[in-house]
Visitor: 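Here's a structure for you.
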Amino acid sequence: MKEVVLALITGMVVGFLFTLFRLPIPAPPALAGIAGIVGVYLGMRLFQWLVLFWK
């Protein structure tokens with residue numbers, strides 16, 4: 001849970017600073033970004049499952 005809170009705080013600080021300096025946000029559009037994160041996580045889980053399956 002600590003990692004989640006630290007990631008959220010870091011994201012908020014980065015978002016604040018980028019907006020303060022009028023820079024474009026370093027992330028894809030909201031839905032595409034969330035889909036990308038979910039895809040990376042699912043790919044990791046699939047790999048872990050396949051490794052267990054072939055052992």
Side-chain angles (χ1 to χ4, degrees):
M1 185 66 177
K2 180 180 176 183
E3 294 168 345
V4 173
V5 172
L6 289 175
L8 179 62
I9 291 170
T10 302
M12 290 175 65
V13 169
V14 169
F16 179 87
L17 291 175
F18 272 68
T19 303
L20 177 67
F21 293 114
R22 299 174 197 260
L23 298 170
I25 293 246
L31 185 57
I34 292 169
I37 291 168
V38 170
V40 168
Y41 177 77
L42 292 176
M44 177 196 70
R45 298 299 294 180
L46 176 63
F47 178 84
Q48 291 172 342
W49 180 79
L50 289 174
V51 167
L52 287 174
F53 181 73
W54 278 317
K55 279 188 174 181

Visitor: Can you measure from CZ (Phe18) to CG (Leu23) and round to the nearest 0.5 angstrom?
Guide: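 Phe18 CZ to Leu23 CG: 6.0 Å, rounded to 0.5 Å.
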Visitor: Applying side-chain hydrogen bond (donor to acceptor under 3.5 Å, both in side chains), can you list everything that pairs with Gln48, at least two apart in sequence or on another chain?
Guide: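 Gln48: side-chain hydrogen bond (donor to acceptor under 3.5 Å, both in side chains) contacts with Arg45.
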Visitor: To the nearest 0.5 Å, how far apart are CG in Leu46 and OH in Tyr41?
Guide: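 The CG atom of Leu46 sits 12.0 Å away from the OH atom of Tyr41.
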Visitor: For the CE atom on Met12, are there more than 12 heavy atoms of other groups (residues, nucleotides or ligands in this structure) within a distance under 6.0 Å?
Guide: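 Incorrect, the count does not exceed 12.
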Visitor: Cluster question for you: counting only ILVMFWY and a side-chain heavy-atom cut-off of under 4.5 Å, with indirect links fine, are Ile37 and Val40 together?
Guide: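 Per the 4.5 Å side-chain linkage, Ile37 and Val40 are not co-clustered.
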Visitor: Can Leu8 be reached from Val13 by stepping across I, L, V, M, F, W or Y side chains whose heavy atoms are under 4.5 Å apart?
Guide: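 Different clusters: Val13 never reaches Leu8 through Ile, Leu, Val, Met, Phe, Trp or Tyr contacts under 4.5 Å.
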Visitor: Test of understanding: clusters of I, L, V, M, F, W, Y form through side-chain heavy atoms closer than 4.5 Å, transitively. Do Ile9 and Met1 belong to the same one?
Guide: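 Hydrophobic grouping puts Ile9 apart from Met1.
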Visitor: Linking I/L/V/M/F/W/Y whenever their side-chain heavy atoms sit closer than 4.5 Å, directly or via other members, would Trp49 and Met44 fall into one cluster?
Guide: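 Trp49 and Met44: separate clusters.
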Visitor: Do you reckon Val14 sits in the same ILVMFWY cluster as Phe16, going by side-chain contacts under 4.5 Å, direct or chained?
Guide: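 In one cluster: yes.
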